[in-house]
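Some notes on the structure that comes next.
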Amino acid sequence: MKKIFKTQLSAAVIVLIPACIGINYLGKLFASFLKLPLWLDSIGTCIGAALGGPIIGAICGAANNLIYGFTTGDNITLVYALTSLFIGLVVGIMARIGFMKTFPKALLTACAGGLAAVVVSTPLNILFWGGTTGNVWGDAVFAATQAAKLPLTLGSLLDEIVVDVPDKLITLIIVFLILKGLPKKLTTLYDTEETIESLD
């Protein structure tokens, strides 16, 4: 367990964090500007998690929500800092146990990240926004469930699944391709085992 959460605060990791936050920020801004039915705000979080581990992923995710919320006045984003934190943790754990090494496993990582987002966000949606997500596709599903007199919790859960699972699938596919394109010399800077060996 210690190995999974091991975090090296090397120069490479310190540079990685703001870079990943910037990627998240631009992704969310892009999706918001084009009114896309996706968030696209976890690409940097997942890169940080895959390279630096779950703690770095959690920092990148939560920090992005806080920075984006305070700089744009988007208070909704602030609420979901907790969601982004858990996405970073889950993706980082999956990466540490080898689930970003092949494309099929990366898809499983996406499902795990999407599930984390659904589990954390659904109660927040109910608590703050009456069950909606603020996403066009998701809220259309929510409206349909309420018209069918289904329980609010179920409607909110389905609303979140429709948005977050596809979003995380697209996000992790992008991240997988980015990681595969990075030179080995760069990725080894984040290998905790390599760091340990070099210190001996």
Side-chain angles (χ1 to χ4, degrees), residues 20-21 23-49 54 57-58 60-94 99 104 106-176:
C20 289
I21 292 171
I23 292 169
N24 281 342
Y25 193 100
L26 291 174
K28 186 169 180 62
L29 207 61
F30 179 76
S32 177
F33 180 74
L34 294 181
K35 301 190 184 303
L36 299 177
L38 299 167
W39 307 127
L40 298 182
D41 61 350
S42 298
I43 295 172
T45 298
C46 295
I47 292 172
C60 292
N64 174 67
N65 279 65
L66 296 175
I67 292 169
Y68 188 93
F70 285 125
T71 57
T72 64
D74 183 355
N75 293 329
I76 294 175
T77 299
L78 295 174
V79 173
Y80 294 96
L82 185 63
T83 302
S84 295
L85 183 150
F86 273 93
I87 292 168
L89 277 176
V90 170
V91 172
I93 291 169
M94 295 291 282
F99 274 76
L107 294 181
L108 290 175
T109 302
C111 292
L115 180 62
V118 169
V119 169
V120 179
S121 292
T122 299
L124 295 176
N125 294 342
I126 294 169
L127 183 63
F128 290 99
W129 327 114
T132 61
T133 61
N135 181 282
V136 177
W137 287 5
D139 288 349
V141 172
F142 179 79
T145 63
Q146 297 313 285
K149 306 296 183 184
L150 294 176
L152 184 141
T153 302
L154 177 60
S156 185
L157 181 69
L158 293 174
D159 183 339
E160 194 66 39
I161 288 172
V162 165
V163 179
D164 261 313
V165 174
D167 179 69
K168 299 308 171 286
L169 282 169
I170 291 170
T171 295
L172 265 300
I173 288 170
I174 292 170
V175 171
F176 178 79

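Starting from 1, each residue takes its place in the sequence as its number. Just so you know, these numbers come straight off a predicted model, no measurement behind them.
The shortest side-chain heavy-atom distance between I76 and Y80 falls under the 4.5 Å cut-off. You'll find the side chain of L36 reaches within 4.5 Å of the side chain of F30, heavy atoms only. In this structure, the side chains of L107 and I173 come closer than 4.5 Å at one or more pairs of heavy atoms. In this structure, S32 and Y68 have side chains that are in contact, with non-hydrogen atoms separated by less than 4.5 Å.
Residues A58 and L89 approach most closely at CB-CG, 3.9 Å, considering heavy atoms. The minimum heavy-atom distance linking G113 with I87 is given by the pair O-CG1, 4.0 Å. Residues A62 and S84 share a closest heavy-atom pair of N-CB, 4.0 Å.
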May I have the list of side-chain donor-acceptor pairs in residues 37-48 shorter than 3.5 Å, sequence neighbours left out?
unit_1, atom_1, unit_2, atom_2, d
T45, OG1, N24, ND2, 2.8

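Between the CG atom in L152 and the OG1 atom in T145 there is a gap of 7.5 Å [rounded to 0.5 Å]. Atom OG1 of residue T133 and atom CG of residue L124 lie 12.5 Å apart, to the nearest 0.5 angstrom. The distance from atom CG of N64 to atom NZ of K28, rounded to the nearest 0.5 Å, is 8.0 Å. The distance from atom CG of L172 to atom CZ of F99, rounded to the nearest 0.5 Å, is 12.5 Å. Atom OG of S121 sits about 12.5 Å away from atom CG of L127, to the nearest 0.5 Å. The NZ atom of K35 lies 12.0 Å from the CG atom of N135; values are rounded to the nearest 0.5 Å.
Sorted by first and then second residue, the salt bridge (charged side-chain N to carboxylate O under 4.0 Å, His left out) pairs involving residues 156-169 (not counting sequence neighbours) are D164-K168.
Counting heavy-atom neighbours within 6.0 Å of F176 CZ, excluding the residue itself, gives a total above 12.
When atom types are taken as modelled, the side chain of D139 and the backbone of F142 share no donor-acceptor pair closer than 3.5 angstrom. A donor-acceptor pair under 3.5 Å links the side-chain atoms of T132 to the main chain of W129, judged by distance alone.
A donor atom on one side chain and an acceptor atom on the other are not found under 3.5 Å apart for T122 and S156. Side-chain contact check for N65 and Y25: no donor-acceptor pair (N or O, by modelled atom type) lies under 3.5 Å.
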Set out, in order, the CA-CA distance, both residues' side-chain angles and the distance that settles side-chain contact (heavy atoms from CB on, under 4.5 Å) for T77 and T72, then state yes or no. CA-CA 10 Å; T77 299; T72 64; 5.6 Å; no
